[in-house]
Amino acid sequence: MPEGHTIHAAALDQMRDLGGEALQISSPQGRAADVAEHLDGRVLRRIDAYGKHLLYRFAPAGQARVRRADLLTLHIHLGLFGKFFRHASPAAPPTGQKRLRMVGERFTVDVSGVTVCDLLPPPVEEKLLARLGPDPLRSDADPQAFVAALARRRISIAEALMDQQVIAGVGNVYRAEALHAERLEPHVPSNELGDERALALWNRVAEQLRQGLKDRTIVTLPDAPRTSTARRKIPRREAKCVYKRDRCYTCGGPVFQEPLAGRTLWWCPHDQVR
DNA sequence: TTTTTATGGTCAC
DNA sequence: TGACCCTAAAAAT
């Protein structure tokens, strides 16, 4: 169940658990057998996260100096159903449909339900990155690119937030929660928002994503406890202001829901006015 | 035990 | 706009 924070968390966690080691890689389910065969025994050098995409860089085993051309990149996109499972090594044989298993000395990571699990040749990677907007969780992200993208389009801000070419990493929860936190009416045309409010929206999304990365879950209540440990104890359903709620956490009024950009949008008509 | 649900995205029409 | 892909776990029976 991944938005950008989950993806960046996975990159950090898996780098800590598997990074620097030669990994035993297989496809228990068989659907990524070819990928596994190419990567088996290689050394995981780094994991890059861009929006909801993960790029794993693998070097040949036993090679001190690695040329760029010798690296292979594994591209994983969790989609809606994708999940990671972390076990201590040695792990029990996988159950269910596990697309990939990566075995390190200390930890084993299983991958299931993913939309993408492929080797990514450099030219294809270029194309992929070219159609991703700035990712607020990356230090090289350019907020002005987001502001400019909003000004260039004439779609609702709610649609714009879901467009990975406008901003990478936002999903259906953060869309609803960021708009609510900024008191923005979701149907406002993106090019009518103005630079100042656009930048404020960027900063809000960035702050919420960073907090989500820290907490490893989404908690957007304005009065939530400060420590991540305490925040993690809040039941998921109760940790948001409008997403999937009947009543708005802030004002108690009814939350509206409607399909927008193929997903259900939740918003509070009392708090979010034009 | 079964049905439903999900924080995503692509492709064809 | 709708069909479809992918899988586990929560919710309903």
Side-chain angles (χ1 to χ4, degrees), chain A residues 1-11 27-33 35 49-54 75-87 92 94-101 109-118 120 124 127-133 135-137 155-156 158-181 186 204-206 208-221 231-232 234-246 255 257-267:
Chain A
M1 308 155 200
E3 295 192 28
H5 67 301
T6 307
I7 304 310
H8 283 261
S27 176
Q29 169 211 54
R31 292 190 48 178
V35 172
Y50 293 90
K52 298 169 189 165
H53 299 262
L54 284 166
H75 176 205
I76 286 186
H77 190 294
L78 294 182
L80 188 51
F81 310 130
K83 273 190 181 66
F84 291 115
F85 301 83
R86 176 178 181 267
H87 312 283
T95 55
Q97 300 288 309
K98 297 295 178 283
R99 188 79 61 90
L100 207 66
R101 166 166 274 201
V109 171
D110 288 342
V111 183
S112 83
V114 292
T115 293
V116 179
C117 178
D118 296 323
L120 189 69
V124 186
K127 277 183 205 157
L128 169 70
L129 297 184
R131 58 187 166 77
L132 286 181
D135 171 357
L137 286 177
I155 54 179
S156 68
E159 285 172 282
L161 281 182
M162 293 290 276
D163 185 339
Q164 301 299 300
Q165 198 151 8
V166 171
I167 181 169
V170 176
N172 206 23
V173 179
Y174 281 119
R175 148 169 99 168
E177 295 300 309
L179 288 175
H180 178 263
R204 178 71 71 172
V205 172
Q208 291 189 336
L209 278 168
R210 276 195 295 267
Q211 189 66 55
L213 173 56
K214 211 182 282 178
D215 295 343
R216 300 300 200 261
T217 184
I218 303 177
V219 179
T220 48
L221 308 180
R231 296 167 68 94
R232 274 193 218 111
I234 304 173
R236 290 189 164 213
R237 278 201 83 108
E238 294 161 32
K240 293 119 192 162
C241 286
V242 289
Y243 176 78
K244 261 193 182 172
R245 291 182 65 108
D246 295 332
V255 169
Q257 51 170 297
E258 68 184 85
L260 193 62
R263 320 291 297 283
T264 305
L265 167 71
W266 280 266
W267 62 289

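Every chain is numbered from 1, with letters handed out A, B, ... down the list of sequences. Just so we're clear, the structure is a prediction, and the values are computed from it rather than from any experiment.
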J.: Please tell me which of the listed nucleotides, B:dG8, B:dT7, C:dT7, lies nearest to the side chain of A:Tyr243?
T.: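 Among B:dG8, B:dT7, C:dT7, the one nearest the side chain of A:Tyr243 is B:dT7.
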
J.: Measuring only the C1' atom in each nucleotide, how far is C:dA11 from B:dG8? A whole number of Å is fine.
T.: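 My reading of the C1' atoms in C:dA11 and B:dG8 gives 23 Å.
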
J.: For A:Arg31, answer base if it contacts any base atom (sugar-phosphate contacts may also be present), sugar-phosphate if it contacts only those atoms, and nothing otherwise; contact means non-hydrogen atoms under 4.0 Å.
T.: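 Contact class for A:Arg31: sugar-phosphate only.
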
J.: Taking atom C1' in both B:dT7 and C:dA12, compute the distance separating them and give it to the nearest angstrom.
T.: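 The answer is 23 Å between these two C1' atoms.
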
J.: For B:dT7 and A:Arg263 - does any side-chain N or O of the residue sit under 4.0 Å from the phosphate oxygens OP1/OP2?
T.: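 Answer yes for this pair, as a side-chain N or O of A:Arg263 is under 4.0 Å from OP1 or OP2.
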
J.: Rounded to whole Å, please give me the gap between CG in A:Asn172 and C1' in B:dG9.
T.: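 Going from A:Asn172 (CG) to B:dG9 (C1'), I get 13 Å.
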
J.: Got a sec, which residues hit salt bridge (Lys or Arg N to Asp or Glu O under 4.0 Å) with A:Arg101, two or more places apart in sequence or on another chain?
T.: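 Per chain and number, A:Arg101 pairs via salt bridge (Lys or Arg N to Asp or Glu O under 4.0 Å) with A:Asp110.
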
J.: Take the protein atom NZ of A:Lys244 and the nucleotide atom C1' of C:dA11, then report the distance between them rounded to whole Å.
T.: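 Atom NZ in A:Lys244 sits about 11 Å away from atom C1' in C:dA11.
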
J.: Listed by chain and number, what are the salt bridge (Lys or Arg N to Asp or Glu O under 4.0 Å) partners of A:Arg245, not counting sequence neighbours?
T.: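 For A:Arg245, no residue satisfies salt bridge (Lys or Arg N to Asp or Glu O under 4.0 Å) once neighbours in sequence are set aside.
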
J.: Of the candidate nucleotides B:dG8, C:dT7, B:dT7, which contains the atom at the shortest distance from the side chain of A:Met162?
T.: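 Within the option list, the nearest is B:dG8.
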
J.: Could you state the CG-P distance from A:Asp118 to C:dC5, rounded to the nearest angstrom?
T.: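 Whole-Å distance recorded here is 17 Å.
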
J.: The side chain of A:Phe85 is closest to which nucleotide in this list: B:dT7, C:dA9, B:dG8?
T.: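 For the A:Phe85 side chain, the nearest candidate turns out to be C:dA9.
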
J.: What I want to check is whether the side chains of A:Arg131 and A:Gln165 have a donor and an acceptor closer together than 3.5 Å.
T.: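 On atom types as modelled, these side chains do not qualify, holding no pair under 3.5 Å.
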
J.: List, with names and distances, any nitrogen or oxygen atoms from the protein found under 3.5 Å away from nitrogen or oxygen atoms belonging to nucleotides 10-13 of chain B.
T.:
{"from": "B:dT10", "atom 1": "OP1", "to": "A:Arg131", "atom 2": "NH1", "distance (Å)": "3.3"}

J.: Checking the side chain of A:Asp118 only, and the main-chain atoms of A:Leu120 only, is there a donor and an acceptor separated by less than 3.5 Å?
T.: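 No; zero donor-acceptor contacts below 3.5 Å.
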
J.: On DNA chain C, nearest-nucleotide positions of A:Arg237 versus A:Thr95: which is more 5'?
T.: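 Looking at the nearest nucleotide for each, A:Thr95 comes out on the 5' side.
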
J.: Checking A:His53 now: which residues fulfil side chain to side chain donor-acceptor pair (under 3.5 Å) with it, not counting sequence neighbours?
T.: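 Once residues adjacent in sequence are excluded, the partners of A:His53 under the side chain to side chain donor-acceptor pair (under 3.5 Å) criterion are A:His75.
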
J.: At 4.0 Å (heavy atoms only), tell me whether A:Arg99 reaches a base, stays on the sugar-phosphate, or touches nothing.
T.: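 The answer is sugar-phosphate, as A:Arg99 gets under 4.0 Å only of primed atoms, P, OP1 or OP2.
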
J.: Can you measure A:Gln257 atom CD to B:dA6 atom C1' for me and round it to whole angstrom units?
T.: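 After rounding, the gap between these two atoms is 14 Å.
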
J.: Taking C:dA8 as the reference, what is the distance to B:dT10 when you measure between their C1' atoms (whole Å, please)?
T.: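 23 Å, rounded to whole Å.
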
J.: Picking from B:dG8, C:dT7, B:dT7, which would you name as closest to the side chain of A:Gln29?
T.: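 Nearest to the side-chain atoms of A:Gln29, counting from C-beta on, is C:dT7.
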
J.: Please report the distance separating the C1' of C:dA9 from the corresponding atom of B:dG9, rounded so that it comes out in whole Å.
T.: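 Nearest-Å result for C:dA9 against B:dG9 at atom C1': 22 Å.
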
J.: Which part of the nucleic acid does A:Thr115 contact within heavy-atom distance under 4.0 Å: base, sugar-phosphate only, or nothing?
T.: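 A:Thr115: base contact, heavy atoms under 4.0 Å.
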
J.: The criterion is side chain to side chain donor-acceptor pair (under 3.5 Å); which residues satisfy it with A:Trp267, sequence neighbours excluded?
T.: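 Scan of A:Trp267 (side chain to side chain donor-acceptor pair (under 3.5 Å), adjacent residues dropped) gives A:Glu258.
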
J.: Of the nucleotides B:dG8, C:dA8, B:dA6, which has the atom closest to the A:Lys98 side chain?
T.: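 Comparing B:dG8, C:dA8, B:dA6 against the side chain of A:Lys98, the answer is C:dA8.
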
J.: Side chain of A:Lys52 only, please: which of B:dT7, C:dA8, B:dG9 is the nearest?
T.: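 My answer, after comparing the listed nucleotides, is B:dG9.
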
J.: Could you tell me how far apart A:Glu159 (CD) and C:dT1 (P) are, to the nearest whole angstrom?
T.: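 So the two atoms are 9 Å apart, to the nearest Å.
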
J.: Rounded to whole Å, how long is the line connecting atom CG of A:Leu128 with atom C1' of B:dG9?
T.: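 The answer, rounded to whole Å, is 12 Å.
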
J.: I'd like to know if the side chain of A:Asp135 pairs up with that of A:His8 as donor and acceptor (distance under 3.5 Å, no hydrogens or angles considered).
T.: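 A donor-acceptor contact under 3.5 Å links the two side chains.
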
J.: Whole Å only: how far is the CG atom of A:Leu265 from the P atom of B:dT7?
T.: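 Atom CG in A:Leu265 sits about 12 Å away from atom P in B:dT7.
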
J.: Side chain to side chain donor-acceptor pair (under 3.5 Å) with A:Gln208: which residues, sequence neighbours excluded?
T.: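 If we apply the side chain to side chain donor-acceptor pair (under 3.5 Å) test to A:Gln208, skipping adjacent residues, there are no hits.
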
J.: Tell me: NE2 of A:His77 to C1' of C:dT7, nearest whole Å?
T.: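 To the nearest whole Å, that distance equals 16 Å.
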
